[in-house]
Amino acid sequence: MHLVDAIGAGLYALLTLQAALFMVIGIAYGLVVGILPGLGGIVAMALLLPFTYGYDQAATIALLLGAHIATIWGSSVTSILFRVPGASKSLALIFDGFPLTQRGEASRALGASAMAALLGGLFGAVFLAISIPIVRPLMLALGPSEYLMMALWGLTIIATFSAGSILKGLIAAALGVLTGFVGMDVVTATPRFTFGSLFLMDGISFPVAMIGMFAVAEMMKLYVMGGAIVTREVGVENSSMWTGVRDAFRHWTLVLRSSLLGLWIGVLPGIGASVSGIAAYAQAVQTSKTPERFGKGAIEGVIAPDATLGATEGGALLPTLAFGIPGGEAMAVLLVAFIGLGIVPGPDMLTRHLDVVFSFVWVVVIASTLTTLIGLAIIPYLARLPTLNPNIVIPIVLSVCFVGAYSTHGTMDDVVVAMVFGLIGYLMDRFNFSRANFVIGMVLAVMIERNLHLSLSLYGGDFIFTRPVTLVMFILLIVTTALPFVRKWRRRKAADADAGARQGSPP
Amino acid sequence: MSRRIQENLVLCAILVIFIAAIVACMSYGVRARVVPLPISALGAILTVAQLVLQNLPSVGDFHLDALELFTSRAPGAATAKPASGGEGRAPDAARWRRELMAVGMVLLLTGMFILIGPIPSIFLFSAGYMLAKRQYRWPLSIAFAALFTLVVYVLFAAVLGVQMDNSILGSMFGF
């Protein structure tokens, strides 16, 4: 399909009543869920998965991606107003967003946040659109062995960058890959890890596992936390959101730098949005002429993370759509939904289904714009929001989780699967095993196995050494996996040497 | 029970899973186990390595601070969390109790779904939860639960066309 035709077809697919309605519903829902702490974009999308079957493809993309984009700004709101991050990715917004709220400038902070998110989102969409013609020839030149290496690299780099222990990250990924193998092996027709259960022959349903792993587990966390999620004293508001909007434009170089950072982080598989907010804040501090203002209510401390978070999504969509390697846990959930819709990431996406890719680009543009417009409209009310209570959230979300799991196949077995994955998700979170790694491992398992079988059949057993690009990627995989261990070892050695020198020196 | 013992127990359980997967893989054909077997073996090795490392006081975990990587700032800054109503609020004993109650709550809802079906379960669970937490007075709790159940019914049964009459009691009494 020609590029210009695809751009038009991508937009045309969204110009239906259903698609427009789904996008507005997605954004409104995403904003509400995003504002509730603990219910980030992943929970929002996991709960939407049962609604993605049987509807128009473009409308479903609008629903899911619209909700996801809205949750990003929604979680920024909670960080700014309540000093509790709506999701881990919006942690950086606390540092300066909350001091602004304390000074009575919540409206200004929210206005700057909304506009920076929009500008970042637009950068992300433009990047995605521009990168497609560049990536397309590259993708068509790659074979199954390169895709195999890319999936393995994605998996290891995800574990490397996950919070906490790298070993735990790798263990979680390995568990996820094994879980992805539950069911009938399509190549050999061998039932694997089914324990004689007919239900497990079809494998574990991804949407149900996501619902359990994220939504049910988050509700358990919320229950264990106890009390009101957040409460605050609503002070006198002495700022205007339009000041914040102007601030975002006034710091356009910061917006540009932060958006580029977001794109870069988004493209790297596995690093995702949780790191990008913090990295953006750090670069804003480092490049500021007055870094001492940060932490006390500097508006740049709000603008930078939001612009980065907005741009990350466009960047993260590229590896997700082009290579089938999710940029993070949210992209893994999106990938699951795409597969359910019959969208198979890979070369076909950038050749035969280019219009679908441009639908994604348009959704990012429209959803970012609508989120900001709706956001600006509700800022005066948000700025006076006093409390959020879990006693209403828990029964509602938990019930929707279970009925959502049940509705995927209409069997109670899925409810049990959601419950089991909820318990697993809670334990993983409690003991710092990355749930994102688990889910991404689960999603990549099939890709790894299919490409390994294809590589063995096409190129023989020594394909790693006979295909130069594969060999280079294999070396890259080993280097990037080993690098953190080497860095850690070097730092420890330097610290030991430093301590030794200090002990030896006279007082 | 100390945090380290809990961590060790969790890792032992994971090790058992990997070993069970290795044993299960041995009964599959070569092509069927070509990926799961190495992954299980690798997983088992990594789990043992983590077990050893976390029990050696001289060796820290392989923690990579993302902020440190991107900005060359001091390690640990990225993971610093603000004071919030989050984890760590409840003391250990109270936390255990709440965790058990959270597990019980999830098990209860699952059991109710299987036994009486989704719609009655949602009504009873949400009304019961709000009454137990004294969120609203009982007439308002019941009204809220009824409204929420109605919304779920309309969304899932009417809009999505999901059959909501699946339950053990329902099939016993021929509903």
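All values below were derived from every heavy atom in this structure, side-chain atoms included, with hydrogens, water molecules and symmetry-related copies excluded. Computed from a prediction, not measured in an experiment: that's the story for all the values here. Within every chain, numbering begins at 1; the chains are lettered A, B, ... in the order of the sequence lines, protein sequences first and strands thereafter.
By the neighbour-count criterion of 12 heavy atoms within 6.0 Å, atom CZ of B:R3 is densely surrounded, having more than that number from other residues, nucleotides or ligands. In B:Y153, the OH atom is not crowded: 12 or fewer heavy atoms of neighbouring residues, nucleotides or ligands sit closer than 6.0 Å. Within a 6.0 Å sphere centred on CD of B:Q163, other residues, nucleotides and ligands contribute 12 heavy atoms or fewer.
When heavy atoms are compared at a cutoff of 4.5 Å, A:L175 approaches chain B by way of both its backbone and its side chain. At a 4.5 Å heavy-atom cutoff, B:I45 makes no contact with chain A through either its backbone or its side chain. B:L46 touches chain A through backbone and side chain together, each having a heavy atom under 4.5 Å away. The contact between A:F181 and chain B is made entirely by side chain atoms (from C-beta outward), counting heavy-atom distances below 4.5 Å. Using a 4.5 Å cut-off between heavy atoms, A:S407 contacts chain B through both its backbone and its side chain. Within the 4.5 angstrom heavy-atom criterion, only side-chain atoms of B:V152, from C-beta onward, approach chain A. Looking at A:L423, only its side chain comes within 4.5 Å of chain B, counting heavy atoms on both sides. The contact between B:V106 and chain A is made by backbone and side chain atoms together, counting heavy-atom distances below 4.5 Å. In this structure, chain B has heavy atoms under 4.5 Å from both the backbone and the side chain of A:L398. Heavy-atom distances place no part of A:F195 under 4.5 Å from chain B, backbone and side chain included. Only the side chain of B:F156 comes within less than 4.5 Å of a heavy atom in chain A; its backbone stays farther off. Interface remark: A:T188 contributes side-chain atoms only to the contact with chain B (heavy atom separation under 4.5 Å). Residue contact with chain B, scored on non-hydrogen atoms closer than 4.5 Å, involves the backbone and the side chain of A:V403 alike. Neither the backbone nor the side chain of B:I119 comes within contact range of chain A; no heavy atom of the residue lies under 4.5 Å from a heavy atom of that chain.
Of the listed residues (B:S126, B:P36, B:A24), the one with the most heavy-atom contacts under 4.5 Å to chain A is B:P36. Of the residues considered (B:L155, B:L107, B:L42, B:I14), B:I14 shows the highest number of contacts with chain A, using heavy-atom pairs under 4.5 Å. Of the listed residues B:M130, B:R33, B:Q6, B:R97, the one with more heavy-atom pairs under 4.5 angstrom with chain A than any other is B:Q6. Ranked by heavy-atom pairs under 4.5 Å with chain A, the first of B:T149, B:I17, B:V103 is B:V103. The residue among B:I114, B:T47, B:L109, B:L11 with the most heavy atom pairs within less than 4.5 Å of chain A is B:L109.
A side-chain contact (heavy atoms from CB on, under 4.5 Å) with A:V416 is found for exactly one of A:D413, A:D414, A:V420, namely A:V420.
Taking 4.5 Å as the limit, some side-chain heavy atom of B:F148 sits within range of a side-chain heavy atom of A:I396. With contacts defined as side-chain heavy-atom distances shorter than 4.5 Å, the pair B:M112/B:I122 does not qualify. Taking the side chain as every heavy atom from C-beta outward, B:M105 and B:M101 never approach each other to under 4.5 Å.
To the nearest 0.5 Å, atom CG of residue A:L93 and atom OG1 of residue A:T78 are 10.0 Å apart. Atom-to-atom distance recorded for B:I39:CD1 and A:L178:CG is 7.0 Å, nearest 0.5 angstrom. Here the straight-line distance linking atom CE of A:M412 with atom CZ of A:F402 works out to 11.0 Å at 0.5 Å rounding. With rounding to the nearest 0.5 Å, the separation of CD1 in A:I424 from CE in A:M419 is 10.0 Å.
A salt bridge is defined here as a Lys NZ or Arg NE, NH1 or NH2 lying under 4.0 Å from an Asp or Glu carboxylate O, and B:R4 with B:E7 fails to meet this definition.
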